[in-house]
Amino acid sequence: MKKIIEENVTEFIKNYDNRSDSLAGKLWRTPIIGYADVNHPYIQNLPKVVRDSHTLPQEVMEDATVVLCCFVPFTKEVARSNKNSDELASPAWAQAYEITNAMFPKLNEMILKLLQEHGYQGRIAPESLVFDNQILKSNWSHRHFAYASGIGTFGLNNMLITRAGCSGRLTTIVTNLDMEPGKPMEEELCLYKKNGTCGVCVKHCKAHALTLEGYDRGRCYAQCWENAKVHTQFGSSYLQNDGTANAVGSEVCGKCVTYAPCTYKEL
Ligand code: B12
Ligand code: SF4
Ligand code: SF4
């Protein structure tokens with residue numbers, strides 16, 4: 001079943017990349033898919049690690065077994081468009097964000113159908129579709145599920161770093177698939193966490209939201225807002241809890257994600 005899912009997701013993304021916008025055919029690379037064990041203590045502990053109200057997979061689907069985690073890496077071209085010398089994110093970075101966010105519901109739908117065809121069920125956690133712009137935390141952290149599935153580790157830049165790098169986006173689906181889940185990676189993929197070197201992401205954060213001492217989500221969000229005011233041409237895909245759009249434009253920045261050793265890795 002893993003192979004079938006992998007093939008179908010790869011094919012779907014390839015076909016979806018065949019659009020008519022300026023990033024057509026050069027937006028994504030081969031996705032990386034992992035499966036997180038819903039009964040793993042790391043997952044059961046998420047309400048303590050992320051926030052009390054963090055949803056557990058069993059609340060989304062009673063007979064949940066694994067959470068399918070899909071990381072869709074951006075191409076080098078998209079990652080490198082977001083130059084650190086520029087104050088704001090590149091238009092291509094904002095566009096990639098919106099196109100990918102718009103693609104995910106369709107990808108999810110395809111996976112749900114595929115699961116059904118093979119006698120399984122899947123559900124999207126409703127909390128994964130919204131984001132509270134007051135608290136700046138979700139009740140469904142894609143990154144934590146992806147970490148538990150073994151597809152990557154957390155960087156100093158907060159990103160999930162995978163074997164394809166950290167420049168890309170994540171989606172997750174709760175399933176009752178009968179398969180061997182992954183487990184957290186033993187190897188540390190962030191150089192700073194591994195041996196105290198690098199720290200490039202911190203140097204790139206002109207808003208001083210990311211420092212060696214920690215991360216200020218309020219400052220980071222303010223910088224994303226500066227971008228949203230300018231990058232209004234690609235829409236605004238994130239919703240608030242009440243279903244209305246979160247911002248006037250694309251809430252992006254990502255300088256800590258680009259031009260770093262963990263940005264892009266050849267697969
Ligand atoms: C709210 C949110 C924001 C907020 C707050 C960001 C933040 N770091 O929390 C704002 C608007 C500022 C933001 C900014 C960005 N975001 Co954002 N954001 C989200 C969202 C909706 C929820 C994240 C959340 O709940 N955070 C709360 C914290 C507590 O959970 P967490 O960040 O997942 O996990 C952290 C901690 O728990 C801690 N941690 C890890 N292990 C452990 C263990 C223990 C024991 C403890 C105590 C803590 C701990 O480290 C983790 C990483 O910081 C997710 C989508 C989703 N539903 O998951 C996207 C998401 C995290 N964002 C993403 C991205 C790419 C960005 C930006 C680069 C913007 C852009 N696209 O240009 C910046 C990067 C900022 C940064 N360096 O962190 C991607 C990350 C992809 C990846 N490779 O990991 C996500 C997953 C969206 C997606 N669908 O792909 N974001
Ligand atoms: S830029 Fe360096 S320190 Fe920052 S997350 Fe990537 S590897 Fe870690
Ligand atoms: S997204 Fe921008 S503001 Fe936020 S931590 Fe990264 S570089 Fe700093």
Side-chain angles (χ1 to χ4, degrees), residues 9-10 13-14 16-17 19 21-34 69-104 107 141-147 149-172 185 187-194 198-207 209-210 215 217 220-221 223-224 227-228 231 234 237-238 250-267:
V9 171
T10 307
I13 286 170
K14 206 169 137 198
Y16 199 96
D17 217 2
R19 302 172 313 276
D21 55 70
S22 56
L23 288 180
K26 44 190 179 184
L27 180 43
W28 302 301
R29 292 188 288 146
T30 311
I32 295 180
I33 303 172
C69 306
C70 179
F71 178 75
V72 181
F74 290 144
T75 55
K76 199 184 260 183
E77 190 172 347
V78 169
R80 290 198 159 249
S81 70
N82 199 11
K83 295 200 177 72
N84 293 295
S85 46
D86 298 342
E87 181 103 355
L88 295 177
S90 66
W93 185 258
Q95 190 180 7
Y97 169 89
E98 299 296 353
I99 296 174
T100 311
N101 286 351
M103 180 272 284
F104 275 152
L107 172 66
S141 168
H142 290 309
R143 278 188 275 204
H144 282 272
F145 288 108
Y147 171 79
S149 79
I151 63 169
T153 64
F154 288 107
L156 177 63
N157 61 1
N158 294 330
M159 295 296 106
L160 185 88
I161 306 175
T162 70
R163 61 190 165 82
C166 66
S167 171
R169 295 187 69 73
L170 281 160
T171 186
T172 56
M185 256 186 202
E187 189 193 354
E188 182 56 73
L189 299 182
C190 167
L191 294 172
Y192 184 80
K193 291 192 175 178
K194 190 175 179 177
C198 188
V200 165
C201 48
V202 166
K203 288 181 197 137
H204 287 175
C205 181
K206 294 197 185 79
L210 187 70
Y215 168 71
R217 62 189 69 238
C220 179
Y221 190 47
Q223 184 63 17
C224 294
N227 277 278
H231 294 303
F234 309 115
S237 50
Y238 249 114
S250 308
E251 292 166 310
V252 289
C253 170
K255 299 296 178 187
C256 55
V257 183
T258 47
Y259 287 91
C262 60
T263 300
Y264 181 96
K265 294 176 194 184
E266 289 295 345
L267 282 167

With a 4.5 Å cut-off on side-chain heavy atoms, are [Y] and [X] touching?
{"X": "Gln223", "Y": "Lys206", "value": "no"}
{"X": "Leu160", "Y": "His144", "value": "no"}
{"X": "Arg19", "Y": "Ile99", "value": "yes"}
{"X": "Pro31", "Y": "Thr10", "value": "yes"}
{"X": "Tyr97", "Y": "Phe234", "value": "no"}
{"X": "Ile161", "Y": "Lys265", "value": "yes"}
{"X": "Lys83", "Y": "Ser90", "value": "no"}

Please walk me through it: do Val72 and Thr171 pass side-chain contact (heavy atoms from CB on, under 4.5 Å)? CA-CA 8 Å; Val72 181; Thr171 186; 5.7 Å; no
Using the rule given for side-chain contact (heavy atoms from CB on, under 4.5 Å), can you reason through Glu98 versus Met103, listing the C-alpha separation, both sets of side-chain angles and the distance that settles it, and then say yes or no? CA-CA 9 Å; Glu98 299 296 353; Met103 180 272 284; over 6 Å; no
In terms of heavy-atom contacts, does CD of Glu87 have more than 12 from other residues, nucleotides or ligands at under 6.0 Å?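 Incorrect, the count does not exceed 12.
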Please name the pair of heavy atoms, one in [X] and one in [Y], separated by the smallest distance, quoted to 0.1 Å.
{"X": "Pro261", "Y": "Leu191", "answer": "CB-CD1, 3.8 Å"}
{"X": "Leu189", "Y": "Gly152", "answer": "CD1-CA, 4.4 Å"}
{"X": "Phe104", "Y": "Leu170", "answer": "CE1-O, 3.4 Å"}
{"X": "Leu210", "Y": "Cys205", "answer": "N-SG, 3.4 Å"}
{"X": "Lys203", "Y": "Cys198", "answer": "NZ-O, 3.8 Å"}
{"X": "Cys70", "Y": "Ile33", "answer": "SG-CG1, 4.1 Å"}

Checking the side chain of [X] only, and the main-chain atoms of [Y] only, is there a donor and an acceptor separated by less than 3.5 Å?
{"X": "Lys14", "Y": "Val9", "value": "no"}
{"X": "Thr162", "Y": "Ala164", "value": "yes"}
{"X": "Thr258", "Y": "Asn82", "value": "yes"}
{"X": "Asn227", "Y": "Ala89", "value": "yes"}
{"X": "Tyr147", "Y": "Phe154", "value": "no"}
{"X": "Lys255", "Y": "Cys201", "value": "no"}
{"X": "Asp21", "Y": "Leu23", "value": "yes"}
{"X": "Lys193", "Y": "Leu156", "value": "no"}
{"X": "Arg29", "Y": "Phe74", "value": "yes"}

Between Glu187 and Thr153, does any side-chain donor sit less than 3.5 Å from a side-chain acceptor?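 Looking only at side-chain atoms, Thr153 and Glu187 do not form any donor-acceptor pair under 3.5 Å.
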Glu251 vs His231, test: side-chain contact (heavy atoms from CB on, under 4.5 Å). Steps then yes/no. CA-CA 8 Å; Glu251 292 166 310; His231 294 303; over 6 Å; no
By side chain to side chain donor-acceptor pair (under 3.5 Å), which residues pair with Thr172, not counting sequence neighbours?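 Scan of Thr172 (side chain to side chain donor-acceptor pair (under 3.5 Å), adjacent residues dropped) gives Trp140, His142.
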Asn157: which residues meet the side chain to side chain donor-acceptor pair (under 3.5 Å) condition with it, sequence neighbours left out?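 In terms of side chain to side chain donor-acceptor pair (under 3.5 Å), with neighbours along the sequence ignored, Asn157 is linked to no residue.
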To the nearest 0.5 Å, tell me how far Ser167 OG sits from Phe71 CZ.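 These two atoms lie 6.5 Å from each other.
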Could you grab the distance from atom NE2 of His204 to atom OH of Tyr259, nearest 0.5 Å is fine?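 It comes to 9.5 Å.
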Would you verify whether the NZ or CZ of Arg169 falls within 45 degrees of the ring axis of Trp93 while also being under 6.0 Å from that six-membered ring's centre?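 Judged by the rule, Arg169 and Trp93 form no cation-pi pair.
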When you look at Val78 and Lys26, which way does the side-chain contact (heavy atoms from CB on, under 4.5 Å) test go after all the steps? CA-CA 8 Å; Val78 169; Lys26 44 190 179 184; over 6 Å; no
Using the salt bridge (charged side-chain N to carboxylate O under 4.0 Å, His left out) criterion, which residues pair with Arg163? Sequence neighbours excluded.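 Arg163: no salt bridge (charged side-chain N to carboxylate O under 4.0 Å, His left out) contacts found.
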